[in-house]
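Contents: one structure, followed by commentary.
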Amino acid sequence: MLDRKFIIENLAAVQQNCVNRGVHVDVERFAALESQRKEKQQLAEELNRRANEVSKTIGQAKTPEAREALKEEGKNVREQVAALKNEADGIEAELDVIHRAIPNMTHPDAPIGADDLANLEIARGRTPVTEMEFKPLDHVELAQKLDLIDFEAGARVAGAGFYFLKNEAVMLELALEMYAMRLLRSEGFVLTTTPDLARNDILAGTGFNPRGNETQIYSIENTDLSLVATAEIPLGGMLAGQTVDEDVLPLKFCGLSHCFRTEAGAAGRASRGLYRVHQFSKVEMFAFTRPEDSEAMLMHLRAMEQRIFDDLKIPYRVVDTATGDLGGPAYRKFDLEAWMPGRGDFGEVTSTSNCTDYQARRLNARYKIKGEKGTHLLHTLNGTAIAISRGILAVMENYQQPDGSIRVPDVLLPYTGFDVIKRD
RNA sequence: GGAGAGGUGGCUGAGUGGUCGAAAGCGACGGUUUGCUAAACCGUUGAAGGUGUAAGCCUUCCGCAGGUUCGAAUCCUGUCUUCUCCGCCA
């Protein structure tokens, strides 16, 4: 969430930002409600003051009659306060709905545009895209020939969008995880495996809405829990309601979790095979920083993402995400799109965002400067190290050989125990 | 899953209806004393929001959410969570 005061003081800028991001929010209504809220609050303050006077003088009442009279007045005031509070709650509820819909402000360099077509390519990976000397298969065909993924059995067990990884694909998943975790550990990230479920207020705090028609989130019936869509949720929630000392910052975490997504409304989009699935494993980076350090941290996370795909020797490009394609909490986002020979195009494999204090405000994650009074909101950032479904897809398609086998990337060899996947 | 006991300020820990945002100790910060350090002594010391040029003032907060009451850290209900014991289990 944005700061309320900031919104009121920068109405025009907030409004323009909403337009750029393709979000329809009645900012004027927000301002009107906010001033109403303030009025009610001032009224309540006066009444409260009177109520306090009454309760303080009641003990000194000389006669039982005087005491009863004061009690009566106290009761009266209390009822008035209750009525006022009722009104204020109604205003607050409407205010909150609008407040939550207002997205984060946007980095001035982010390209302005309605959707991903406006994304700006800003970098390429070390490995160039090269034409294969044979007609490349896509990962679904490769998986079928090599018996690496069972989509049919996945559908039987849990429905479309679920799958079994099989045989060498399993080792490939574990190898990718091991490789990423080991790299991140050497870069000072604290390794974690996270809960795959989280409370709904943690979801909301990180900007995920557990309810509604368009929700990406699976909820557990009769509980306050949902399946996480990314380790970003539990990792961000780690510091919910906490205040940390400035000198522990920045905090860099890496989390391995399963990710569950309903993909509601995604039907019809290009989503063959592993590209868009309901469950996958992901190694996620997450950082808490001081405000002045978050831009540099974003570059660091981006560098880690590039390092991983450079090491895997998979061609990719980096795009600066356009305003209309940014999620609500993101101030700036870079997507890394790997070359996917099977489709002859780039496809998103990882992404990193600077959410500034947008998530931290909702989560109430703060830091304290030694010797100073008060606390400050942290900045939060997240970035994918490797999302297994799409990562494994990119490996399979880029490493396929003319004979139908798949080579194993050099950096994964220490973890797989084999250097080629083939069938006789 | 069952039984019991707790959750209070940076920490320990008092406080069972009335000036309690909260004793005391520790820690931290400032000062006095002092070759230096330490000790001793004195003082200051929670957060969020609102308002004001400022000093300040106001509201809210004793896990969280409700309730009772003129008045709640204190009583009631729900909830989360920690610990101990039992059961179950990987």
Side-chain angles (χ1 to χ4, degrees), chain A residues 1-10 30-93 95-96 99-100 193-205 210 219-226 233-234 237-249 251 258 291 357-378:
Chain A
M1 296 194 287
L2 292 179
D3 181 37
R4 284 188 177 180
K5 209 165 167 185
F6 175 88
I7 297 171
I8 300 299
E9 286 168 3
N10 301 277
F30 184 85
L33 286 167
E34 177 65 15
S35 78
Q36 278 182 43
R37 189 183 69 89
K38 210 170 265 184
E39 257 175 55
K40 301 282 176 211
Q41 193 185 325
Q42 274 166 8
L43 267 168
E45 277 179 22
E46 280 173 39
L47 287 171
N48 266 324
R49 221 165 295 160
R50 181 59 199 146
N52 286 337
E53 279 171 34
V54 170
S55 61
K56 275 176 188 171
T57 48
I58 204 163
Q60 300 154 17
K62 296 271 191 297
T63 63
E65 290 75 25
R67 198 183 162 82
E68 281 310 308
L70 280 171
K71 267 188 156 185
E72 196 53 39
E73 186 186 355
K75 197 174 220 168
N76 247 318
V77 173
R78 187 170 57 118
E79 274 160 16
Q80 287 180 58
V81 171
L84 207 55
K85 189 168 178 297
N86 214 11
E87 287 178 57
D89 284 351
I91 294 169
E92 187 64 37
L95 208 47
D96 191 55
H99 195 180
R100 265 191 261 183
T193 61
T194 77
D196 284 342
L197 272 65
R199 291 184 204 292
N200 288 331
D201 60 328
I202 298 292
L203 279 272
S219 297
I220 310 293
E221 207 172 350
N222 299 323
T223 73
D224 190 34
L225 293 168
S226 297
I233 292 165
M238 275 180 111
L239 289 192
Q242 302 293 302
T243 302
V244 300
D245 286 330
E246 182 194 30
D247 53 24
V248 307
L249 299 173
L251 286 169
H258 291 115
D357 61 10
Y358 191 90
Q359 291 176 322
R361 183 169 292 107
R362 189 76 181 281
L363 290 168
N364 197 21
R366 300 174 163 272
Y367 72 98
K368 186 172 174 47
I369 297 172
K370 252 203 178 72
E372 277 188 23
K373 284 199 157 210
T375 59
H376 312 271
L377 289 168
L378 289 160

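Per chain, numbering begins at 1; letters A, B, ... match sequence-line order. Values below: all heavy atoms of this structure, side chains included; hydrogens, waters and symmetry mates excluded. Note that the structure is predicted; figures quoted are calculated from it, not measured.
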Whole-Å distance separating the CD atom of A:Glu92 from the P atom of B:U59: 19 Å
With both distances under 3.5 Å as the test, what is the Watson-Crick or G-U wobble partner of B:A72? none
Does A:Thr223 reach the main-chain N or O of A:Leu225 with its side chain, forming a donor-acceptor pair under 3.5 Å? yes
By the Watson-Crick or G-U definition, both distances under 3.5 Å, B:U19 is matched with none
Using 4.0 Å as the upper bound for N to carboxylate O, is an ion pair formed by A:Arg37 and A:Glu34? yes
Quote, to the nearest angstrom, the C1' distance that separates B:U33 from B:C41. 8 Å
Could you check whether any side-chain N or O of A:His99 sits under 3.5 Å from a backbone N or O of A:Leu2, counting only pairs where one atom can act as donor and the other as acceptor? yes
Searching all strands shown, indicate the nucleotide that pairs with B:A40 (Watson-Crick or G-U wobble; both distances under 3.5 Å). B:U32
Hey, is the side chain of A:Arg366 poking within less than 4.0 Å of OP1 or OP2 on B:A47, counting only N and O atoms? no
Partner of B:A5 by Watson-Crick or G-U wobble geometry, both contacts under 3.5 Å, or none? B:U82
With sequence neighbours left out, the residues meeting salt bridge (charged side-chain N to carboxylate O under 4.0 Å, His left out) with A:Arg361 are A:Asp357
B:U60 P sits how many Å from A:Leu47 CG, rounded? 12 Å
When the distance from CD of A:Glu39 to P of B:G50 is rounded to whole Å, what number comes out? 17 Å
Pairs under 3.5 Å (N/O, protein and nucleotides 81-83 of chain B):
| unit_1 | atom_1 | unit_2 | atom_2 | d |
| --- | --- | --- | --- | --- |
| B:U81 | OP1 | A:Arg199 | NH2 | 3.0 |

Expressed in whole Å, how much space separates the P atoms belonging to B:C88 and B:U16? 42 Å
For atom CD of A:Glu79 and atom P of B:G67, their distance in whole Å: 14 Å
Applying the 3.5 Å cut-off to both distances, the Watson-Crick or G-U partner of B:G25 turns out to be B:C11
Quote, to the nearest angstrom, the P distance that separates B:U51 from B:A40. 46 Å
Within this structure, what is the NZ-to-P distance between A:Lys5 and B:A48, rounded to whole angstrom? 13 Å
Return the nucleotide paired to B:A47: Watson-Crick means purine N1 to pyrimidine N3 with N6-O4 or O6-N4, wobble means G-U with N1-O2 and O6-N3, both under 3.5 Å. B:U60
Say we look at B:G9 and B:C20: how far apart would their C1' atoms be, to the nearest angstrom? 13 Å
If I pick the C1' atom on B:A22 and the same atom on B:U8, what distance separates them, to the nearest angstrom? 8 Å
Work out how far the P atom of B:U53 is from that of B:G63, and round it to whole angstrom. 37 Å
Quick one: on RNA chain B, does A:Lys368 or A:Glu73 contact a more 5' nucleotide (nearest heavy atom)? A:Lys368
To the nearest Å, how far apart are A:Asp96 CG and B:G49 P? 16 Å
Find out whether A:Tyr367 and A:Asp245 are in side-chain contact, i.e. whether some heavy atom of one side chain is under 4.5 Å from a heavy atom of the other. no
Heavy atoms of A:Arg100 and A:Tyr358 approach each other most closely as O-OH, 3.7 Å
So, A:Thr243 versus A:Arg366: side-chain donor-acceptor pair below 3.5 Å or not? no
Measuring only the P atom in each nucleotide, how far is B:C83 from B:C70? A whole number of Å is fine. 41 Å
Between P on B:G10 and CD on A:Gln242, what's the gap in Å once rounded to a whole number? 12 Å
For B:A65, which nucleotide in any strand shown is its Watson-Crick or wobble partner with both distances under 3.5 Å? B:U77
Between B:A47 and A:Thr243, is there an OP1 or OP2 to side-chain N/O distance shorter than 4.0 Å? no
Indicate yes or no for a side-chain donor-acceptor contact from A:Asn364 to the backbone of A:Ala240 under 3.5 Å, with no hydrogens or angles considered. no
Short side-chain N/O contact from A:Lys38 to OP1 or OP2 of B:U51, under 4.0 Å: yes
Need the pair for B:C88. Rule: Watson-Crick or G-U wobble, both distances under 3.5 Å, any strand; none if unpaired. none
Atom CZ of A:Arg78 and atom P of B:U69: how far apart are they, to the nearest Å? 5 Å
Does the pair A:Arg4/A:Glu92 count as a salt bridge with the N-to-O cut at 4.0 Å? yes
When the nearest nucleotide of RNA chain B is assigned to A:Gln42 and to A:Gly74 on a heavy-atom basis, which residue is associated with the more 5' position? A:Gln42
For nucleotides B:U69 and B:G43, find the distance between their P atoms and express it as a whole number of Å. 44 Å
